[in-house]
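Notes follow once the structure below has been shown.
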Amino acid sequence: MIPYGHQSITQDDIDAVIEVMRSDWLTQGPAVERFEQAIAEYCGASHAVAVSNATAGLHLACRALGLGAGDVLWTTPITFVASANCARFCGADVDFVDIDPRTYNLSPAALEAKLEQAEASGRLPKIVIVTHFAGQSCDMQALGQLAQRYGFALVEDAAHALGGRYRGTAIGSCRYSDVTVFSFHPVKSITTGEGGMVLFNSDDLNPPLRELRSHGITRDPARMDGSCEGDWYYQQTDLGCNYRLSDLQAGLGLSQMRRLDEFVSRRAQLAAGYDAALADLPVRRPWQEPMTGSAWHLYVIRLQLDLIGMSRGAVFAALRKSGIGVNVHYIPVHLQPYYQRLGFRVGDFPVAEAYYAEALTLPLYPDMTEAQQVRVIECLREILQ
Ligand SMILES: *Cc1c(COP(=O)(O)O)cnc(C)c1O
């Protein structure tokens, strides 16, 4: 089976982990610090806080931005469930904003219309989380302007997008947002097995985010209630989590970072190969906004089902039967039973639902060979013609 995504691990990566295993630190230590610096520098952000995974990072971002019971967070339905669940972890409500029909990212126009209504009814969101779907940046300038006008915090779920660019800056610079979160799950741009990173420019967010990552504990006398009783002394000043990344994982992450640009350009090359090969088939290829440079996490096509005369399910099954590990990203989050129980219904976000009915993710990962790509294209051509 040719998978839809896969990590790329070299002997250098293995050696980097072994080197950490021989050091004094296994849990969070100097390698985590170096990994945080490497990502912050690459993205041009002031701060980077490594966490155990992106889900934890989204949770911590919501906590540090003050989300709680009675607040509302808005996100896109075309994302992984974690982008919405982070609000529920904080006891806040979730609502969704429909997507742009071309980029499949949260639509700034739909957001603006919904904000106007929410302002009239006095229920503006505290946070909006946008996902750079498939690695292509959202229109951050337009979203940033809305954030300023309506006073919400803007968080980028950039789990797909490390190595991507927007208007000449790296995704993760937080130029238009409050916080950006990356994932290092094996199918993402680089991997640490499990892992994530939270980036931001605000000095005020730095101490609370680091404390919330580790039980809500501080060792800084300046941040304690009352006086510090000695060198052994620490205080728990908030209810935090244990969301730390280990030095073993950071060792792998540092080694992977050296190949990030190579990974993204190989993905872009494969995407261009699909673009050329699928031009005459009844599928819509991923449209690219000129101001963006995608990290190409996913290559998603939309089947023109009226021309194909087969359901998406039948095309999916035929490809899987031929050993092509196609996938579907994503089942709209508001259609998950958990969110249906919170009152969301089929028909609530029609652009997202129409997209979902036709979407198919083709295999794409840096180690994919030309021969493997030719096989995917030939199988797809055979099934669709
Ligand atoms: C992978 C992913 C996540 C979760 O990442 P983890 O590191 O596995 O927690 C969150 N959001 C999106 C859009 C993702 O693709």
Side-chain angles (χ1 to χ4, degrees), residues 3-7 32 35-36 39 48-63 73-90 94 96-97 99 103-106 127-138 140 154-164 171-172 177 179-199 213 241-246 249-250 252-253 256 263-264 267 286 294-300 327-334 336 338-339 352 355-356 359 361 364-365:
Y4 89 85
H6 198 267
Q7 67 273 18
V32 165
F35 187 39
E36 289 177 341
I39 299 265
V49 176
V51 287
S52 46
N53 53 63
T55 305
L58 290 165
H59 182 200
L60 289 191
C62 289
R63 283 289 305 274
L73 176 147
W74 292 0
T75 189
T76 166
I78 299 300
T79 186
F80 186 54
V81 292
S83 323
N85 289 347
C86 54
R88 304 294 299 153
F89 299 155
C90 299
V94 171
F96 300 93
V97 179
I99 59 168
T103 62
Y104 318 140
N105 282 330
L106 183 144
I127 298 177
V128 174
I129 297 189
V130 297
T131 296
H132 302 309
F133 182 76
Q136 179 175 213
S137 178
C138 295
M140 293 310 298
L154 186 55
V155 173
E156 301 174 63
D157 180 341
H160 297 183
L162 178 62
I171 292 177
S177 71
V179 176
T180 299
V181 179
F182 291 121
S183 170
F184 310 126
H185 179 282
V187 297
K188 308 291 167 73
S189 299
I190 64 163
T191 192
T192 59
E194 293 275 1
M197 193 75 77
V198 183
L199 287 86
R213 169 177 67 176
C241 301
N242 180 349
Y243 280 167
R244 294 186 303 263
L245 193 76
S246 71
Q249 293 166 303
L252 177 55
Q256 289 260 302
F263 287 159
V264 172
R267 285 174 176 276
S294 182
W296 288 108
H297 168 54
L298 302 173
Y299 190 90
V300 178
N327 217 316
V328 174
H329 297 90
Y330 287 95
I331 303 158
V333 178
H334 70 284
Q336 295 293 349
Y338 174 80
Y339 285 96
Y355 157 81
Y356 168 60
T361 304
L364 179 66
Y365 49 93

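Remember, predicted model here, so these are calculated numbers, not experimental data. As the structure lists them, so they are numbered: ligands from 1, and atoms in each ligand from 1. The analysis underlying the following values was restricted to heavy atoms, covering all of them including side chains, and did not include hydrogens, waters or symmetry mates.
- Taking 4.5 Å as the limit, every side-chain heavy atom of Met197 sits out of range of all side-chain heavy atoms of Thr180.
- Residue Ala54 has at least one heavy-atom neighbour below 4.0 Å for each of these atoms of ligand 1: 4 (C), 5 (O), 6 (P), 7 (O), 9 (O).
- When only modelled atom types and interatomic distance are considered, Glu194 and His185 share no side-chain donor-acceptor pair under 3.5 Å.
- Taking the six-membered ring for Trp and the full ring otherwise, the centers of His297 and Phe133 sit at least 6.0 Å from each other.
- Residue contact check: Ser183 has heavy atoms under 4.0 Å from atoms 5 (O), 6 (P), 7 (O) of ligand 1.
- Of the candidates His59, His297, Lys188, Glu194, Lys188 brings a heavy atom nearest to atom 1 (C) of ligand 1.
- The aromatic ring centroids of Tyr356 and Tyr104 lie 6.0 Å or more from each other.
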Is there a ring pair (Phe, Tyr, Trp, His ring centres under 6.0 Å) between Phe80 and His329 once you walk through the steps?
CA-CA 8 Å; Phe80 186 54; His329 297 90; 9.2 Å; no
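- At least one heavy atom of Gly195 sits less than 4.0 Å from an atom of ligand 1.
- With contacts defined as side-chain heavy-atom distances shorter than 4.5 Å, the pair Cys62/Ile127 qualifies.
- Between Tyr339 and His334, the gap from one ring centroid to the other reaches at least 6.0 Å.
- Contacts between Ala159 and ligand 1, counted as non-hydrogen atom pairs separated by less than 4.0 Å, involve the side chain only.
- At a 4.0 Å heavy-atom cut-off, ligand 1 touches Tyr330 through the side chain alone.
- At a heavy-atom cutoff of 4.0 Å, ligand 1 is contacted by the side chain of Thr131 but not by its backbone.
- With a heavy-atom cut-off of 4.0 Å, Thr55 touches ligand 1 through backbone and side chain alike.
- Scanning the protein heavy atoms around atom 15 (O) of ligand 1, the nearest turns out to be His160 NE2, 2.8 Å.
- Under a 4.0 Å N-O distance rule, the pair Glu36/Arg213 qualifies as a salt bridge.
- Close approach of ligand 1 to Thr79 (heavy-atom distance below 4.0 Å) involves ligand atoms 13 (C).
- The closest protein non-hydrogen atom to atom 11 (N) of ligand 1 is Asp157 OD2, 2.7 Å.
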